[in-house]
Structure formats: C-alpha cells, structure tokens
Amino acid sequence: MNRLVDILAFIALCATGLLGVSCRGGVARIVDPIAHEAPYDIWPDSIDLHNGVILRVTSDSVMQVRVGGNVLDSVTAPAVAEGRMTFSSTFPLLDFLYRLEASASPSGRYSAQTPYEIYLNPLQNDSARQALESRLRNGLVIPYDTRSYGWPVINSNAEWLLGASELAVAEGDSRWLRSVRQTARSVLDTDLRVSYDPGCGLFTGVPHYVATASGILPPWMEPADVGQLVTLGVNSAYCGALRILENTDPTLDGSGADKSRWRLSLTSDSLLRALKKEMWLPNRGFFSAMNYGVPPCRISLQATDNLALSFAVLTGTAAGAMADAIVRKTPVPYSGVRMFQPQLPPAGGTVRKEISPMLLQTAWTIACARTGNEAAYASAVGSLLAAEGERLTGDRHRLPSFRSAFTALITRGLLGIRFTADGIAFAPYVPENLPGEKSVGNLRYRDAILDVTITGTGKVVSTFTIDGHPSEPFLPADLRGRHRIGITLAGATSDPGFVTRLEEPQLLPLPPRVTWNADRQATLSPGTLPAPVSEASVAESFGAPVPADGDDCYLVYLNGILEEEIFRADYSLYDARSFTAVQFCPLVDSQFQGFSTRPYVWVPPAARHIIYAPLLARSGTKVLEDRKLAERFVESTRFKNRSLRFGFDAPSAGRYLIDIHYASGLGIVNAQRRVALRRLRADGKDAGVFVFNQLTPATARGAGEGDSWQEMTSWTNALTVPLREGRNELELRYYQPSPVYADPLSNTVLFDIIRILPLDAAEKKTP
C-alpha cells in the first residue's frame with residue numbers, strides 16, 4: 001500500500017513538472033511559469049495562447065509558431081540596431097521579444113500614440129524630436145483634423161506637450177527646452193481662452209483617440225456636446241506636462257534663476273485640485289473617463305479611460321494612496337487591460353483603434369510597477385507578453401505600430417528610471433515572476449553610456465553602485481563616458497498586492513430612449529443598437545455582450561446631482577421654479593451605469609429669453625440658396641458684422657447660460673479648419689468664446705430626404721455668464737486665433753437666435 005502511494009506521488013510530481021519543461025538546447029529542465037491565466041500560459045521560453053497556437057523561442061533569434069505540435073512558421077529577430085541598448089536575462093522569451101523590437105528603428109511618422117511612446121521611451125527614439133517638430137507650425141501644435149471634428153473639439157496640445165517636455169528633460173537640450181516652453185505658452189494662451197472652463201477649472205475637448213472612435217459616444221452628442229466634454233485624457237496630459245516643465249531648471253533656457261519669468265499662468269497643482277474635485281470617484285477609487293452634459297452641472301461617466309489613468313500615475317498626477325487605489329480597484333480582464341472599463345458600447349459607426357493595445361498594456365504595466373503592487377505588476381507583465389503573442393500570430397511579418405513595449409518595460413519598469421533636470425532617479429522593481437540576473441548594456445543618456453546589472457526581485461534596493469562604488473540610486477546628469485551600475489534587490493515585500501480581476505470584458509448599457517410628452521412628463525424605454533450594428537457584432541468585436549436592461553432601472557440626475565432611482569417607464573418632473581437639467585442613466589445589476597439621455601433643460605416660460613439676430617443687424621446672406629430662409633440669419637465675417645452689440649435687461653443678478661443657434665452646414669464656406677469663433681463680452685469683460693463647428697456632407701446627420709445639409713443648424717457651446725440686475729451691455733466680437741487653428745478667410749458665422757437662460761437667478765417677483 002505504501003509503495004502504491006509512493007508511485008502515485010511520483011506520477012503526480014512528474015505530471016506537475018512536465019508543465020514547466022523547457023527544451024532549449026536539448027536539455028530538459030523544470031521551470032516555473034511567468035503567468036498562468038485562463039486565456040494563456042507564459043513560460044520562460046514560450047507563449048501558449050490556449051487556442052492551439054504555441055510560440056516557442058528556440059534560439060536567441062528564432063521563434064517557432066506551432067499549431068497542434070507542428071511548426072507552421074517562424075519569426076526571426078535580426079540583430080539589435082546600431083546604437084540601441086542591449087538586454088539579456090534568464091528568460092529566452094523576454095530576450096527574444098526585446099531583440100525583435102530593438103532590431104527595428106522607431107517610425108518617424110507622427111500619430112495619435114507618438115507623444116505617449118516618446119514619453120515612455122525618450123532615450124531609444126532617434127526620430128522623436130523630428131516627429132514632434134513635424135507637428136509645429138508658427139510655434140503652435142498643428143491640430144488634428146478628422147472628417148468629424150477638429151480643434152477645439154479635439155485637443156491634441158496636451159499630449160504633444162507631455163511627450164515633448166519629457167524628451168526635453170531626458171536630453172537636457174536647452175534649445176529644445178526653450179522651444180517646448182514657448183510652445184506651452186502659446187497653446188495655453190489660446191486654450192485658456194477657448195477650451196478652459198473656469199467653472200470647473202478644467203479644459204474641455206477630447207483626445208484624438210476618443211474623437212476617432214466615433215462609435216463610442218452616444219448619438220445624441222453633437223459637436224457642441226463633444227466639445228464641452230471634460231476628459232481625463234486631456235486634463236491629465238496637461239497636468240503631467242506642466243508638472244515636468246515646472247520642475248525643470250530655468251537656467252537651462254537662459255531665463256535666469258527667477259522662474260516667474262517663464263512660469264505659465266496655469267499650474268499643475270490647480271489642475272490637479274480641479275481633477276480631484278470634479279472627476280475623482282471616491283466610491284470607485286479612480287478618475288472618471290469624462291464628465292458630460294450641461295456645463296455648469298455635468299455628470300461623471302462611471303467608466304475609466306485606462307490610458308489616461310496610466311499616465312496620470314506615471315506623471316505623478318495621481319500619486320500615493322490615489323495611485324494605489326487606481327491600480328487596485330480598476331477592474332482588469334484576464335486577457336489584459338482595455339482602453340475603457342467598462343468598455344463604452346458602440347453607438348454607431350466603426351470604432352477605429354488609434355492607440356495600439358501594446359501601448360496601453362505597456363503604460364498600465366509600468367503604472368502597476370510605480371505603485372509597488374506586486375499582484376497587479378506580475379499579472380500585467382504576463383498580459384503584456386500574451387498581447388505580443390497575439391500580435392505575432394496575426395501580424396508577425398509586419399512591423400508593429402508601437403515599437404517600445406519591452407524597451408519601456410526594461411527601462412521604466414525593471415530599472416524604474418525617472419528623468420529629472422539633474423539626472424536619472426532609479427526606482428527599480430522586478431516582479432517575483434521574473435527572477436534572476438538581467439543585464440542592460442549600451443544605454444545612452446546624454447553624454448554617458450551605461451551598463452546596468454540588476455539581480456534579485458522586489459522593489460527594495462539592497463545595494464546600488466556606480467563603477468563599484470556605493471551610491472544613492474541616482475545618476476548625475478553631468479556624468480560622461482561609460483559607467484557600470486550594479487543593482488541588488490532585497491526580495492519580496494510583505495505586501496502581496498491586489499488586483500481586481502474580471503472573467504471577461506464588460507460593456508456599459510446603452511443610453512435609454514426618452515420622449516417628453518409635455519414640459520414635465522417623460523416616457524422611457526430601453527436603448528437599442530443603431531443599424532447595422534448587431535448584438536452579435538458587438539460580442540465579436542468587444543468580447544462581451546451588451547448588458548440587458550434588467551428591471552428597467554434608471555438613475556435620475558437633476559442639475560448633475562443624483563436625485564432618485566426609478567423602476568418605471570414614466571417620469572414626472574416636480575414643479576421646478578428655476579433652471580433644471582434632467583438626465584436619465586441606465587443602471588444594470590446595481591453596478592453598470594451607462595451614458596445618460598440628452599440633457600433636458602426646463603426653465604419657466606417667463607424666464608426664457610430669446611434675442612433674434614435680425615434685431616441686431618441686417619439679415620440675409622448669399623451663402624444659403626433659399627432666400628426666405630436666408631432672411632432669418634445674420635452673416636458675420638471678418639469684414640461684415642465683425643462686432644455686434646446689444647443690451648439685455650436681466651430680471652435679477654446671477655449666472656446665465658448663453659448659447660447661439662446657427663447654420664452648421666457651411667463646409668463650402670469653411671473648408672479649411674471647419675470652425676468659426678466669436679468672443680462674448682459682458683459689460684466690458686471677456687465672458688468666453690463661442691465655438692461654431694461646421695459640418696460637412698460626410699458628417700451631417702438628421703437631414704431629411706431632399707433637405708440640404710448646408711441648411712442644417714446646431715447650437716454652439718453654452719457659456720456661463722454672471723450678469724447684474726438690470727441693463728447689461730453684451731457684445732459678440734469676431735475672434736481670430738492663429739491661422740494654425742482657424743482659417744481667417746473661413747471664419748464665417750450665420751446665426752439666427754441668441755438664447756439666454758437663468759441658472760441661479762429667479763425672475764423678479766412683482767409686489
């Protein structure tokens with residue numbers, strides 16, 4: 001009996017050991033897996049994707065693609081490109097993947113992910129400055145211009161500044177630093193006028209990767225609604241860029257020791273305070289991806305933008321307990337982090353992936369390392385390797401769009417490099433699933449060449465030496481020549497860390513449909529996918545079905561504040577006596593809260609003020625073919641009706657919401673930048689800038705059969721303006737920033753109505 005038990009134990013031991021057999025060089029040895037998850041197994045020399053495909057490294061330059069045990073193809077990694085750093089470890093898979101990446105030169109083409117890649121990998125990217133400079137014109141960043149939106153709806157200034165400022169600090173080039181600082185001054189000067197909301201202290205507009213993913217925003221969002229979004233992507237990038245510039249030495253650009261000579265009018269601290277106040281979700285432990293709705297009372301989307309969250313952690317925008325909460329509480333599927341969590345449902349059109357999944361996974365992995373969360377870090381490393389395996393099975397003979405994944409993992413994660421004006425600060429962290437010695441050679445930093453050896457695991461530095469001499473984990477910027485750095489880590493810490501896992505990706509529920517039968521009576525029904533999008537196509541594209549509406553539960557927001565939860569299809573608005581914005585959000589399983597319906601604004605009839613444009617100036621325009629229709633509109637150009645003054649008798653003092661109704665289909669007139677701008681002045685003071693986004697035939701929606709898209713109308717963004725009781729003098733003034741942003745020859749506006757609604761000022765009662 002005892003012998004039988006021994007035999008069974010031996011068989012079990014052999015079966016367990018065979019799971020980790022590596023056969024490199026014909027020598028079998030038992031090893032531990034790097035990661036063992038439901039979608040994949042990662043071994044030191046192979047990736048098993050659990051779909052019949054196994055990628056196995058057989059030498060330092062060859063990886064076999066095996067299906068069912070048969071070798072169907074192989075991937076060859078050429079020699080590391082000249083001048084690039086070298087890397088070797090006890091993990092053949094990691095060595096091969098880095099060699100494959102380092103054998104290709106970085107692309108000099110600028111894309112939506114270029115500034116993020118430059119931030120993660122400024123040292124190994126010879127074309128970084130060339131790519132960044134290609135987006136400069138007249139000292140400004142050339143805005144992205146898609147078929148749907150342009151600046152200021154898409155705000156790409158912040159992401160450019162983030163990559164450019166990090167490159168300036170890493171290189172220590174005073175000329176480039178001067179250029180970046182001057183660009184920062186210029187773009188902020190314009191963005192603070194056009195895209196900054198003083199009510200919440202944050203910038204409006206969306207990153208390029210949100211704007212081009214045209215299927216994820218609800219159909220009710222028109223250009224003005226999208227342009228008024230407050231997104232984490234834009235504001236965390238601005239905050240990170242400003243933080244870098246504020247910490248640089250002002251003497252580098254010849255401005256003297258007085259930092260006030262170049263300090264910007266906005267600080268990273270003020271942006272961070274506004275982010276914490278407006279976008280942090282304390283019950284969820286992370287920042288909202290975006291706030292949307294009526295500007296003075298936006299609501300937070302209960303979903304994350306994980307690219308923005310990652311860079312918020314990396315730049316120190318989210319630090320300490322806040323960064324730790326983000327990594328611990330943001331749910332991550334076993335297959336790896338997704339751009340949004342839960343994912344935003346496809347509201348129509350095609351979602352274009354402007355950001356490589358490898359960039360997203362790399363940034364998240366390094367963010368996990370930055371917080372010291374062992375469980376999250378080790379898991380993210382496994383997902384990063386699996387993601388590269390997925391890419392190689394599909395596009396193994398094509399160069400990846402993101403070519404810094406493993407370079408960044410090594411330098412930013414394992415070595416923990418952080419660039420400062422004075423040098424490199426090291427905060428190394430090697431997860432427990434990547435033990436053994438690792439060697440990094442030929443790492444070029446300014447006038448120095450570094451050869452680094454790191455041993456052990458964990459994040460506690462036991463010894464740090466430079467050329468054999470004990471030192472603080474810091475390399476001075478003025479060091480020259482070749483130097484040896486030795487790092488020994490003390491091993492695992494007592495805190496194992498934590499990661500919130502998902503079995504599969506999640507999707508937010510669709511916005512409900514709402515019909516207002518009267519001023520205060522609404523009927524709700526579950527949201528539906530627009531044709532030709534189907535449940536099957538969603539499940540195939542996103543890996544998860546659209547959540548069912550369950551018990552038709554809706555959250556009711558009044559003026560941005562959650563008021564009640566209803567389980568019925570009918571809703572009656574109370575007898576409100578002042579401005580009230582109503583939004584209904586679907587809630588599924590008490591956790592999935594999707595986009596709301598379009599905000600419904602109710603104002604007492606006597607408090608609604610309408611000013612018709614023909615009362616301010618002579619109407620009529622040759623732009624519209626319908627002469628009768630043209631008589632409703634007033635045309636404003638750089639030469640005609642450049643400034644329009646009018647009075648408004650406010651019934652009481654307080655804040656008023658002002659917007660303008662205009663003809664939006666002027667692509668024939670405004671073909672260059674597709675945006676017109678007008679500044680509003682109230683009683684001699686600037687009150688903000690109206691943005692007149694112009695549609696094109698490709699983006700026009702809602703025109704009936706036979707209708708002209710050129711005659712379509714929209715509302716501008718709404719400005720919150722404080723007015724005094726009695727007479728107020730208002731002025732609508734032509735506004736022309738640099739031609740980089742708006743073409744002065746196309747800065748044309750056709751408007752017919754100015755609407756003024758009281759926010760917190762009630763109608764004056766008659767005694």
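Bear in mind the structure is a predicted one, so any value in this text is a computation, not a measurement.
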>> Any non-hydrogen side-chain atom of Asn442 less than 4.5 Å from a side-chain atom of Val80?
In response: no

>> Quick check against the 3.5 Å criterion: does Thr231 have a side-chain atom that pairs as donor or acceptor with the backbone of Gly205?
In response: yes

>> Let me confirm one number: the CE-CG distance from Met63 to Leu97, rounded to the nearest 0.5 Å.
In response: 5.0 Å

> Quick check: does any side chain N or O of Asp73 sit under 3.5 Å from a backbone N or O of Val65, one acting as donor and the other as acceptor?
Replying inline: no

> What are the two closest heavy atoms between Thr267 and Ser270, and how far apart are they?
Replying inline: O-OG, 2.8 Å

> If we only count heavy atoms from C-beta on, is the Leu275 to Leu202 side-chain gap below 4.5 Å?
Replying inline: yes

>> Using every non-hydrogen atom in the two residues, find where Ser404 and Asn121 come nearest and quote the distance to one decimal.
In response: OG-ND2, 2.9 Å

>> So, taking the atom named OH in Tyr209 and the one named CG in Leu360, what distance separates them when rounded to the nearest 0.5 Å?
In response: 9.0 Å

> Can you check whether Leu479's main-chain N or O pairs, donor with acceptor, with Tyr445's side chain at less than 3.5 Å?
Replying inline: no

>> Does the plane of the ring in Phe311 sit parallel, tilted or perpendicular to the ring in Tyr116? Use 30° and 60° as the thresholds.
In response: tilted

> Looking at side-chain heavy atoms only, is the closest gap between Phe286 and Gln341 below 4.5 Å?
Replying inline: no

>> Holding to ring-ring contact (aromatic ring centres under 6.0 Å, His included), I want the full list of residues that pass it with Phe426, two or more places apart in sequence or in another chain.
In response: Phe464

>> Assess the residue pair Leu167 and Val180 against the criterion (side chain to side chain contact (heavy atoms under 4.5 Å, CB included)); give the C-alpha distance rounded to whole Å, side-chain angles, the decisive distance to 0.1 Å, and a yes or no.
In response: CA-CA 10 Å; Leu167 180 65; Val180 174; over 6 Å; no

> Just checking, Arg135 and Tyr144: is the charged tip under 6.0 Å from the six-membered ring centre and within 45° of the axis?
Replying inline: yes

>> Between Arg391 and Glu388, does any NZ, NE, NH1 or NH2 come within less than 4.0 Å of an OD or OE carboxylate oxygen?
In response: yes

> What are the two closest heavy atoms between Gly382 and Tyr40, and how far apart are they?
Replying inline: C-OH, 3.7 Å

>> Pair Phe474, Asp422 - check side chain to side chain contact (heavy atoms under 4.5 Å, CB included), show working.
In response: CA-CA 9 Å; Phe474 185 83; Asp422 301 324; 4.0 Å; yes

> Could you give the distance from OG1 (Thr411) to CG (Leu450), rounded to the nearest 0.5 Å?
Replying inline: 11.5 Å

> Is it the case that more than 12 heavy atoms not belonging to Glu133 sit under 6.0 Å from its CD atom?
Replying inline: yes

> Under 4.0 Å between a Lys/Arg side-chain N and an Asp/Glu carboxylate O for Arg99 and Asp95?
Replying inline: no

>> For a side chain to side chain donor-acceptor pair (under 3.5 Å) check, start with the C-alpha distance between Gln113 and Ser356, then their side-chain angles and the critical distance, and finish with the verdict.
In response: CA-CA 8 Å; Gln113 68 183 20; Ser356 165; 4.6 Å; no

> Can you check whether Cys368's main-chain N or O pairs, donor with acceptor, with Thr371's side chain at less than 3.5 Å?
Replying inline: yes

> Would you call Leu123 and Arg444 a side-chain contact if the rule is heavy atoms closer than 4.5 Å?
Replying inline: no

>> Closer than 3.5 angstrom, by distance alone: can the side chain of Asp451 be matched with the main-chain N or O of Gly441 as a donor-acceptor pair?
In response: no

> Say you draw a straight line from CG of Leu55 to CG of Leu93; how long is it, rounded to the nearest 0.5 Å?
Replying inline: 8.5 Å

> Given the rule in the side chain to side chain contact (heavy atoms under 4.5 Å, CB included) test, do Trp280 and Ile326 qualify, once you have shown the distances and angles that lead to the verdict?
Replying inline: CA-CA 10 Å; Trp280 181 255; Ile326 288 172; 3.9 Å; yes

> Between Lys459 and Gly372, is there a donor-acceptor pair closer than 3.5 Å when you use the side chain of the first and the backbone of the second?
Replying inline: yes

> Taking all non-hydrogen atoms of both residues, which atom of Val461 and which atom of Pro428 are closest, and how far apart?
Replying inline: CG2-CG, 3.6 Å

> Distance-only, no hydrogens or angles: does the Arg412 side chain make a donor-acceptor pair with backbone N or O of Leu120 under 3.5 Å?
Replying inline: yes

>> Under a plain distance cut-off of 3.5 Å, with no hydrogens placed, do Gln124 and Arg84 share a side-chain donor-acceptor pair?
In response: yes

> Between Asp305 and Ala289, what is the shortest heavy-atom contact and its length?
Replying inline: N-CB, 3.5 Å

> Which is it for Thr488 and Thr463 under the side chain to side chain donor-acceptor pair (under 3.5 Å) test, yes or no, and what are the steps along the way?
Replying inline: CA-CA 5 Å; Thr488 303; Thr463 62; 3.0 Å; yes

> Roughly how far, to the nearest 0.5 Å, is CG of Leu385 from CG of Asn433?
Replying inline: 8.5 Å

>> Is there a side chain to side chain contact (heavy atoms under 4.5 Å, CB included) between Ile366 and Tyr429? Walk through the geometry before answering.
In response: CA-CA 10 Å; Ile366 301 171; Tyr429 188 5; over 6 Å; no

> Under a 4.5 Å cut-off applied to non-hydrogen side-chain atoms, are Leu434 and Ser89 in contact?
Replying inline: no

> Is any side-chain heavy atom of Arg181 less than 4.5 Å from a side-chain heavy atom of Thr248?
Replying inline: yes

> Can you tell me if Ser379 uses its side chain to pair, donor with acceptor, with the backbone of Ala376 under 3.5 Å?
Replying inline: no

> Can you find a pair of side-chain heavy atoms, one from Pro115 and one from Leu162, that are under 4.5 Å apart?
Replying inline: no

>> Using 30° and 60° as the class boundaries, would you call the ring planes of Phe87 and Tyr98 parallel, tilted or perpendicular?
In response: perpendicular

>> Tell me if a side-chain donor or acceptor on Asp189 pairs with a main-chain N or O of Arg185 at a distance below 3.5 Å.
In response: no

> Between Asn155 and Tyr238, is a side chain to side chain donor-acceptor pair (under 3.5 Å) present by the stated rule, with each step listed?
Replying inline: CA-CA 10 Å; Asn155 193 328; Tyr238 250 135; 4.8 Å; no

> Taking all non-hydrogen atoms of both residues, which atom of Ala367 and which atom of Val313 are closest, and how far apart?
Replying inline: O-CG1, 3.8 Å

> Within the distance-only criterion (no hydrogens, no angle test), does the side chain of Thr500 pair as donor or acceptor with the backbone N or O of Arg328 below 3.5 angstrom?
Replying inline: yes

> Do Leu49 and Glu390 come close enough that some side-chain heavy atom pair is under 4.5 Å?
Replying inline: yes

